[in-house]
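All remarks here apply to the structure that follows.
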Amino acid sequence: MSFKSLIDEIENNLKKILDDLSVTNISFLVEPAKPGFGDVSSNISFLLAKKLKKNPKEIGDMLSEHYMKSIHTLVSKVESHPSGYLNFFADWEKLTQLILSESNLDTFGSVDLGKNSTIIVEHTSVNPNKALHIGHIRNVVVGDIVARILEKSNYKVNILNYVDDSGLQVADIIVGFRHFGFAQQPPEGKKFDQYCGDDVYVKTTEKYEADPSLEEIRKNTLKELEDGNSETAQFADKITRKVLENQLETCWNLGVYYDCLNFESQIIQSGLWSDIFEKLKEMNLVEFENGGKNVGCWVIRGENNDEDKVIVRSNGTATYIAKDIPYAAWKLGLLKDPFNYKKYEKTQPGTRILWQTTLADSSDPQQNFSGEKVITVIDSRQARLQEIITMLMSKFKSVENAYVHLAYESVTLSPATAQTLGLNTDGKQAQMSGRKGLYVNADAVYDLLKNKTIEETKKRHPEMLASEIQKIAHHVSVGTLRYEMIKQDLDKIIAFDLTKSLSLEGDTAPYIQYAHARASRIIEKSTRIPSIDIDFSLLSDKSELELIKTIGLFDIHVMNAAKNLSPKVMARYCHDLAVAFNSFYEHLKVLDLGDEKLENSRLCLVNSFKQTLVKALELLGITAPDRM
RNA sequence: GGGCUGGUAGCUCAGCUUGGAUAGAGUGCUGGACUUCUAAUCCAGUGGUCAAGGGAUCGAAGCCCUUCCGGCCCGCCA
C-alpha cells in the first residue's frame, strides 16, 4: 500500500462519481503524476469526453467539483488542467505518515500476485565444459533477480539449474582428455573450468577442423556418453562435476543460489522420454512420416509457415529438442517423479539448501521441485524451439501461461573489446563463441572490477583495514556487474566493453550504493535513534516530498516488475530512489540543525529511505555497504 | 525466401503493454558548487524531422499497414 492508498482512494471515488452519473464501462487510469502536475493524474476526462460529448476540460471541472464533495482523506486538492487531465494533490502530512510508517515493516514493498502458488525459475544451465563468460552472466543474473522479484510477490519459487552433461560440448572435452592427450590437471593458478573451456575445448575443436576424420571419435564418444554405464560416461561424470563445481563458485560469488540441480544424463536414463513420447502419440501431437524428406521420422507439425520439426530420427534416436520436452513436463509436475534427491556435496552459502537429483538410492528425504508455472530463462536465439515446447505444454496443462520462455538478447563484444581478444571486426560488434575461444571470462571481469574498486576505496579511506576494503570492493563489484546486466531491457543487445563496464559513475550500482552509504553515515553520526514518532508536517521541502513519494512507490514497481518479469523495472526504481535521496542530501542538512524536532523528522526520513533502498536492492541481489 | 526482434539526443538507453500535458535519464561537451552529514555527489547549459511513408483517431513516439536499415533464428547438430 502506501502511495497506492492514495491512488486507490482516488480510483474508488471516481468510480462512485461515475456510478452517480450512471456511466458504465469506462476503464480510466489513475497513476502517479509527471513532475509539475500534482501527485496523481487521471485520464478519465478524455474517456468520458466521447460518451458525454463534451470537451475534456469541462468534464474535468465537473469531476473535480464532485470529487471535493465526496469523502476523501488523502487528497487535498483536485485540479482540472486545461489539457483535460485531472490532477490530484495529496494531503502530504497524512500521506507521509502512512508511507514512512509502512516503510519500517519487513513486508514493505511485498505484493500478492502469486497467492502463495509455486513457480519454477530455471536459469544458468550452462554446458559443464567451460567457465562462465559474460554472456552467461546475463542469464544467471536475470534469472536470479526474476526469482527474487517473484518471491517478493508471494510466489513460492523453486530455482533450478539444468546441467547438460551429456551433449556434444561435453563429448568434445572428453575427446580432448582421452584422445588428444590433455592433462587432467590445469596449469598452476588456473581454475579447472577455465582450463576446460579455454584450452581443452577450443583446441580440440581446432583439431576437428584440421582433420575431419576425427569426427568419428567425436560421434562415438557422444554415443558412449548417452549410455550411463560406460566407462566414458563415468569419466565424463567426474569431469563435468568438477567443472560444475567451479561454475557454481562463480555464481555463488555473485550471490546467486539454487534449489536443485537437474542432470540431463539422468533425464535420459530415467525413462521420462518414453513416458512423454507415449503421451505425445496418444494426443496426436507427433506424427510418423511415411514419405517426404523426413520419411521414417516422428515430427511435430510446424504451425503457420514453420517447417516440421523432427523429434525422433529415422534411426530411432531422439533429437536435442526431444530431451527438453520431458524436462519441461517434469518441471510442471506432469510426470511421475522418477528421481531421488540428495544434498549437493558442497554447502551453498546463504539460506537455501542446494539439492540435486539422483537415480541412485538416497537417504535424504524426497523433494518436490515442480511448480504450477514454469519460467525458463534462455537466450532469445532459442525462441523457435522454446515456442514448440510452450505449445506442447499448453496442450498438457490448462493453466494459462503455465510455461514461459523468458528470452533475453545476447551479450556481444564491443569492437574495442573484440580487438583486445585479437579479432578485427571492422567497427562492428562480435558474437561471442565458446568454440572459438572468443569471450570474456566472468571471473576475470569480477577481478578487474574488484581491483579498481579497491583502489577507489583506498583513495577515500587510506586508514581503512584491508579486510574491510575487500568486503566493500566485493559488494561494489558484484553490484556493478549485476546492475550492468539488467539495467536495460531484455530485448536489447548488450555490447560488452571491458573499459566502459569499469565505470563506477552515473547510472551504475555504485551510484546507488553511495547514496546508501551517505544515509548510513548520517544515522551513524546522529546522537539519536531514528523514530517514527515525529512531526510529519516538518517534512515539507520539495526534495523531501519527492523522496517520500519515491519511497511510497516501491510496491507499485514490484508489482510491475513481477507482472512483466522485468528486472529493469527494479533497477530503475533503485536508481530513482538514489536520485531522490542525493537531491535531498545536497539541499538539506539533517544533523546539527539546532532544532530537535526537525532533526528527528529528517532522521526518520533518512532511515526510511535507507531501509527501502536495502529492500529494493535485495531484489537485485545487490548489497549496499555502510561506507565506501 | 519465411519467422522473431531492434531503430527515440553525438553515444548507451527509458517511455510503447493501458494513445492525451512540457518526449526523460546516463554519458559526452561547456560552466558552476567541496573548511560542511563522504564530490563514487549535486546544480545549470548544450543536444530530438521519436528510421521513412501512409492509415484509423478530436489527438500518435505509442495503435494498424507498407517500406528501409541492423541483429538473430529457420539441420534426422546440440
Side-chain angles (χ1 to χ4, degrees), chain A residues 27-29 31 33-37 41 43 45-47 49-50 55-56 81-85 87 127 164 166-171 222 289 293-299 302 304-307 309-315 317-321 323 379-385 387 407 409-410 412 428-429 431 453 456-457 459-461 476 487-489 491-495 497 500 503-515 517-526 560 563-564 568-569 572 575-576 578-579 582-583 585-593 602-603 606 627-628:
Chain A
S27 59
F28 55 92
L29 289 179
E31 54 194 359
K34 284 207 246 178
F37 295 103
S41 299
N43 63 350
S45 314
F46 294 111
L47 302 171
K50 285 179 194 166
N55 77 52
H81 191 272
S83 65
Y85 267 104
N87 294 330
N127 284 313
D164 180 0
S166 52
L168 198 62
Q169 296 204 20
V170 167
L222 183 61
E289 283 286 21
K293 65 170 185 168
N294 292 327
V295 63
C297 300
W298 288 89
V299 302
N304 310 326
N305 291 323
D306 289 347
E307 296 268 308
K309 189 76 203 164
V310 172
I311 67 164
V312 176
R313 302 181 185 100
S314 51
N315 68 6
T317 57
T319 58
Y320 169 66
I321 182 173
K323 295 179 193 170
D379 202 320
S380 62
R381 282 175 289 201
Q382 297 213 37
R384 199 60 159 272
L385 296 178
E387 211 176 290
E409 269 294 344
S410 43
T412 63
K428 286 186 179 171
Q429 43 185 267
Q431 289 286 329
T453 319
E456 294 291 325
T457 313
K459 258 193 241 165
R460 292 163 175 82
H461 306 280
V476 174
K487 76 171 172 186
Q488 55 282 82
D489 225 330
D491 58 16
K492 289 287 190 306
I493 295 169
I494 298 180
D497 187 278
K500 284 182 189 151
S503 167
L504 308 174
E505 285 163 19
D507 185 10
T508 64
Y511 172 89
I512 300 165
Q513 289 168 316
Y514 185 67
R518 281 176 148 182
S520 291
R521 291 289 279 164
I522 290 174
I523 292 166
E524 192 186 311
K525 286 206 166 181
S526 168
N560 181 1
K563 275 187 178 163
N564 296 303
K568 164 206 73 182
V569 170
R572 297 190 75 80
H575 183 254
D576 287 349
V579 167
N582 276 329
S583 170
Y585 184 95
E586 299 277 349
H587 283 99
L588 302 170
K589 274 184 70 77
V590 177
L591 303 178
D592 307 321
L593 297 172
R602 288 191 182 158
L603 195 63
V606 171
R627 45 172 76 192
M628 57 189 279

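Here is the naming used below: chain letters follow the sequence lines, and residue numbers restart at 1 for every chain.
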* Asked: Any idea which of B:rA40, B:rC72, B:rC37 is nearest the A:Gln431 side chain?
  -> B:rC72
* Contiguous Watson-Crick or G-U pair runs (3 or more, under 3.5 Å) in RNA chain B -> B:1-7 with B:68-74, B:10-13 with B:24-27, B:28-33 with B:41-46, B:51-55 with B:63-67
* To do: Look at A:Arg384 and B:rC72 and indicate whether a side-chain polar atom (N or O) is within less than 4.0 Å of OP1 or OP2.
  => no
* Quick one: list whatever passes side chain to side chain donor-acceptor pair (under 3.5 Å) with A:Glu387, sequence neighbours left out. => none
* Pick the P atom in B:rG10 and in B:rG6, then give their distance to the nearest Å. => 22 Å
* Structure fact -> In whole angstroms, the gap separating P of B:rU41 from CZ of A:Arg627 amounts to 19 Å
* With a centroid cutoff of 5.5 Å and a plane-angle limit of 30°, would you call A:Phe37 stacked on B:rA21? -> no
* Asked: Any donor-acceptor pair under 3.5 Å joining the side chain of A:Thr457 to the base of B:rA40?
  -> yes
* To do: Using salt bridge (Lys or Arg N to Asp or Glu O under 4.0 Å) as the criterion, list what pairs up with A:Arg572, not counting sequence neighbours.
  => none
* Asked: When all nucleic acid strands are considered with a 4.0 Å heavy-atom cut-off, which category describes A:Lys525: base, sugar-phosphate, or nothing?
  -> sugar-phosphate
* To do: Decide yes or no for A:Val170 and A:Asp164: does some side-chain heavy atom of the first lie under 4.5 Å from some side-chain heavy atom of the second?
  => no
* For A:Ser583, enumerate each residue passing the side chain to side chain contact (heavy atoms under 4.5 Å, CB included) test, keeping only those at least two apart in sequence or located in another chain. => A:Ser543, A:His587
* Asked: Who passes salt bridge (Lys or Arg N to Asp or Glu O under 4.0 Å) against A:Glu505, sequence neighbours left out?
  -> none
* Euclidean distance for P, B:rA56 against B:rG15 (whole angstrom) -> 29 Å
* Asked: Counting any heavy atom closer than 4.0 Å, what does A:Arg381 reach on the DNA or RNA strands: base, sugar-phosphate only, or nothing?
  -> sugar-phosphate
* Could you pull out all residues at least two apart from A:Arg460 that satisfy side chain to side chain donor-acceptor pair (under 3.5 Å)? => A:Glu456
* **Distance in angstrom units between A:Glu586 CD and B:rG32 P, rounded** => 17 Å
* Asked: Can any side-chain N or O of A:Ser45 pair as donor or acceptor with the backbone N or O of A:Gly84 at less than 3.5 Å?
  -> yes
* Structure fact -> By side chain to side chain donor-acceptor pair (under 3.5 Å), A:Asn294 pairs with (sequence neighbours left out) none
* RNA chain B: 5'-proximal contact among A:Asn582 and A:Leu29 (nearest heavy atom) -> A:Leu29
* **Among B:rC43, B:rA21, B:rA40, the nucleotide that comes nearest once only the side chain of A:Met628 is considered** => B:rA40
* **Pairwise C1' distance for B:rG48 and B:rA23, with rounding to whole Å** => 9 Å
* Atom P, compared across B:rA44 and B:rA25: separation rounded to whole Å -> 10 Å
* Would one find a side-chain N or O of A:Lys568 under 4.0 angstrom from OP1 or OP2 of B:rG15? -> yes
* **Spacing between A:Leu593 atom CG and B:rC37 atom C1', to the nearest angstrom** => 10 Å
* Asked: If you find the nucleotide of RNA chain B closest to A:Asp507 and the one closest to A:Tyr511, which residue's nucleotide is nearer the 5' end?
  -> A:Asp507
* Within this structure, what is the CD-to-P distance between A:Gln429 and B:rC69, rounded to whole angstrom? -> 18 Å
* Asked: Which part of the nucleic acid does A:Ser45 contact within heavy-atom distance under 4.0 Å: base, sugar-phosphate only, or nothing?
  -> nothing
* To do: Output all residues satisfying side chain to side chain donor-acceptor pair (under 3.5 Å) with A:His575, sequence neighbours left out; order by chain, then residue number.
  => none
* Protein-nucleotide distance (A:Asn55, atom CG; B:rU57, atom P), rounded to Å -> 20 Å
Enumerate the protein-to-nucleotides 75-78 of chain B contacts in which both atoms are nitrogen or oxygen and the separation is below 3.5 Å.
{"residue": "B:rC76", "atom": "O3'", "partner": "A:Arg313", "partner atom": "NE", "Å": "3.2"}
{"residue": "B:rC76", "atom": "O2", "partner": "A:Ser314", "partner atom": "N", "Å": "3.4"}
{"residue": "B:rC76", "atom": "O2", "partner": "A:Ser314", "partner atom": "OG", "Å": "3.1"}
{"residue": "B:rC76", "atom": "N3", "partner": "A:Ser314", "partner atom": "OG", "Å": "2.7"}
{"residue": "B:rC76", "atom": "N4", "partner": "A:Val295", "partner atom": "O", "Å": "2.9"}
{"residue": "B:rC77", "atom": "OP2", "partner": "A:Arg313", "partner atom": "NE", "Å": "3.0"}
{"residue": "B:rC77", "atom": "O3'", "partner": "A:Arg313", "partner atom": "NH2", "Å": "3.3"}
{"residue": "B:rA78", "atom": "OP1", "partner": "A:Arg313", "partner atom": "NH2", "Å": "2.3"}
{"residue": "B:rA78", "atom": "OP2", "partner": "A:Arg313", "partner atom": "NH2", "Å": "2.8"}
{"residue": "B:rA78", "atom": "OP2", "partner": "A:Tyr320", "partner atom": "N", "Å": "3.2"}

* Taking only residues two or more places apart in sequence, or in another chain, which ones meet A:Asn560 in a side chain to side chain contact (heavy atoms under 4.5 Å, CB included)? -> A:Asn564, A:Val569
* Could you encode protein contacts along nucleotides 4-13 of chain B as a string, one character per nucleotide from 5' to 3', using B for base contact, S for sugar-phosphate-only contact and - for no contact, with a heavy-atom cut-off of under 4.0 Å? => --SS-----S
* C1' atom, B:rU8 versus B:rG26: distance in rounded Å? -> 15 Å
* Asked: Distance between the C1' atoms of B:rG45 and B:rU27, in whole angstroms?
  -> 16 Å
* Asked: Whole Å only: how far is the CG atom of A:Asp379 from the P atom of B:rC72?
  -> 12 Å
* Asked: Expressed in angstrom and rounded to an integer, what is the separation of A:Phe46 atom CZ from B:rA21 atom P?
  -> 7 Å
* **Residues forming a side chain to side chain contact (heavy atoms under 4.5 Å, CB included) with A:Ser314, sequence neighbours excluded** => A:Cys297
* Under 4.0 Å between any heavy atoms, over every strand shown, what does A:Ile512 touch: base, sugar-phosphate, or nothing? Just pick one. => nothing
* Please measure how far the C1' atom in B:rU18 lies from the corresponding atom in B:rC11, and state the result in whole Å. => 32 Å
* Which heavy-atom pair separates A:Thr412 from A:Gln431 by the least distance, and what is that distance? -> CG2-NE2, 3.7 Å
* **Lys/Arg-Asp/Glu bridge criterion (N-O < 4.0 Å) met for A:Arg518, A:Glu586** => yes
* To do: Determine the minimum heavy-atom distance between A:Leu504 and A:Pro510, stating which atoms define it.
  => O-CB, 3.5 Å
* **Interatomic distance, A:His575 NE2 vs B:rG24 C1' [rounded to whole Å]** => 12 Å
* Between B:rG28 and B:rG47, how far is it from one C1' atom to the other, in whole Å? -> 10 Å
